Amino acid sequence: MNQDNRQGCLAGLFEMFLLKSVLDWMQNRFGFGKGCSCTGLIFGIIFLCIALFFFCNIVTGTNWGKIY
């Protein structure tokens, strides 16, 4: 038997919308151009890396945080 646990297209699009909304809010609040230029740059890069990690997780459907 084939157990296919992939999410549908709408669920993936909704997750990407939520990721974009949260990332935009965090960038506007703490990221690039906010506060000292050094801390804004550091937080901006950290948020970008986190967003890329979650984006790859959504697009490829992998769960890298799952421990067997």
Side-chain angles (χ1 to χ4, degrees):
M1 291 184 181
N2 185 9
Q3 293 181 348
D4 192 9
N5 294 330
R6 292 183 296 171
Q7 66 182 6
C9 179
L10 289 178
L13 289 174
F14 182 67
E15 287 180 1
M16 289 174 62
F17 170 75
L18 286 178
L19 178 65
K20 180 192 174 302
S21 299
V22 169
L23 181 65
D24 286 343
W25 179 79
M26 290 173 68
Q27 287 288 8
N28 288 334
R29 185 101 169 140
F30 308 106
F32 297 115
K34 297 295 179 184
C36 174
S37 62
C38 182
T39 57
L41 180 64
I42 292 170
F43 279 124
I45 291 172
I46 290 170
F47 294 149
L48 181 64
C49 291
I50 291 170
L52 286 175
F53 174 79
F54 283 114
F55 177 76
C56 290
N57 188 10
I58 292 168
V59 170
T60 61
T62 57
N63 187 0
W64 294 313
K66 186 176 181 180
I67 300 173
Y68 290 97

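As the structure is a prediction and not an experimental result, all values here were calculated from the model.
Partners of Phe14 under the side chain to side chain contact (heavy atoms under 4.5 Å, CB included) rule, at least two apart in sequence or in another chain, are Leu18.
Taking CD1 of Ile50 as the start and CD1 of Ile45 as the end, the distance is 12.0 Å to the nearest 0.5 Å. Phe53 CZ to Ile58 CD1: the interatomic distance, rounded to the nearest 0.5 Å, is 10.5 Å. Rounding to the nearest 0.5 Å places CE of Met16 at 12.0 Å from CG of Leu23.
Considering all non-hydrogen atoms of both residues, Phe55 and Leu19 come closest at N-CD2, 3.8 Å.
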